[in-house]
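For reference, the structure discussed in these notes is given below.
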Amino acid sequence: MILALAGGVGGAKLANGLAQLLGPSELVIAVNTGDDFRHLGLHISPDLDSVMYCLAGVNNKETGWGLAGETWNFMEAMKRLGGPIWFKLGDGDLATHVERTRLLTAGKTLSAVTATLCERLGVAHRIVPMSDNNVATIVRSKDRWHSFQEYFVALKCEPAVMEIKFDGIEFAKPSPMLLATLESKELEGIVICPSNPFVSIDPILAIPGLRALIDQLKVPIVAVSPIIDGRAVKGPALKMMKEMSLEPNAIGVARYYWHLIDGFVLDETDSHLAREFETFRIRTVFADTIMKDTNDQKRVAGAALKLVADLRARE
Ligand code: FO1
């Protein structure tokens with residue numbers, strides 16, 4: 001069994017590739033919920049939805065979030081009423097948030113609600129929230145703290161990030177399936193998807209006790225670089241690295257993950273960095289990691305799984 005840690009668009013793509021190669025009993029995808037927030041009275045879980053829609057094959061491939069072929073009547077009506085329209089909720093997507101909120105209000109956990117939504121969308125693989133407790137990523141720019149979606153969507157990632165916190169993390173427990181997977185004898189490896197290390201992967205790793213649990217595991221941990229040729233495929237990862245004085249390339253990512261990972265999948269355009277990686281005790285492989293379609297996703301997932309297998313064979 002493989003555990004994938006995912007968040008955002010890059011996470012959804014690799015998770016989908018893994019789901020093409022592994023059966024539902026062979027893969028658990030644990031997803032960041034630090035981006036979750038309440039909006040218009042609804043519980044929005046952007047990363048869970050990005051992964052769920054992608055595996056259901058109904059995702060909007062242009063934006064990376066939301067549904068394909070979406071209509072926007074709700075937003076247009078909201079605009080006429082002068083309501084908040086900064087966060088775009090398509091008509092079909094809105095149904096997901098309404099149903100999630102209805103089930104949560106009825107007392108179900110986010111894990112149970114996610115399993116129900118996945119089942120209804122025909123997703124057989126296990127997509128689980130990192131935690132059933134509320135955790136909210138907040139970012140500080142100068143002397144102001146912003147909620148994640150305010151920073152990401154309303155402010156278009158423009159403020160320079162100086163500090164990141166995960167509000168409520170001290171009370172968060174790993175979701176039951178995430179914990180069970182980490183404690184399972186069947187676990188063969190962990191794949192860290194090419195998601196933003198600071199706001200997608202760190203919230204998962206920051207759950208109290210989780211890092212200690214991972215550190216004592218004997219299985220290989222492999223990350224796929226979200227930075228390709230000195231550029232973030234999508235989102236503010238590279239900008240954040242510069243703002244946090246980290247080397248703004250794949251080396252910076254590897255250094256950030258250094259104590260955690262055994263293997264690193266980089267894009268072949270970064271092969272000139274190979275010599276620098278010799279100083280790390282991390283096995284690196286270079287592959288074409290651009291994921292435009294399902295075949296690309298399968299190829300990158302295959303490279304990550306091969307690296308897990310190679311590292312296991314070496315032990
Ligand atoms: N991202 C945007 O840049 N603008 C939006 O209006 C927006 C709406 C939205 C609605 C539902 C949803 O699940 C995701 C949405 N996202 C939007 C994406 C979201 O902010 C990001 O995917 C993540 O939080 C970062 O991983």
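Just so you know, ligand 1 is whichever comes first in the structure, and atom 1 is the first atom listed for that ligand. Along the sequence shown, the residues carry numbers beginning at 1. Small disclaimer: the values here were computed from a predicted structure and weren't measured.
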- Task: For Thr289 and Asp267, test the side chains for any donor-to-acceptor distance below 3.5 angstrom and give the result as yes or no.
- Result: yes
- Task: Look at Lys239 together with Glu243 and state whether they make a salt bridge at an N to O cut-off of under 4.0 Å.
- Result: yes
- Query: Do we see a donor-acceptor contact under 3.5 Å between the side chains of Asp93 and Tyr53?
  - Reply: yes
- Query: Is it true that Trp65 and Ile44 fall in one hydrophobic cluster, defined by side-chain heavy atoms closer than 4.5 Å?
  - Reply: yes
- Note on the structure: Within the 4.0 Å heavy-atom cut-off around ligand 1, the contacting residues, ordered by chain and number, are Gly8, Asp35, Pro46, Asp47, Trp65, Trp86, Phe87, Lys88, Leu89, Asp93, Phe148, Gln149, Phe152, Val153
- Item | Ring centroid separation Phe87 to Phe37 under 6.0 Å | yes
- Under 3.5 Å, is there a donor-acceptor pair between the side chain of Ser195 and the main chain of Ile201? no
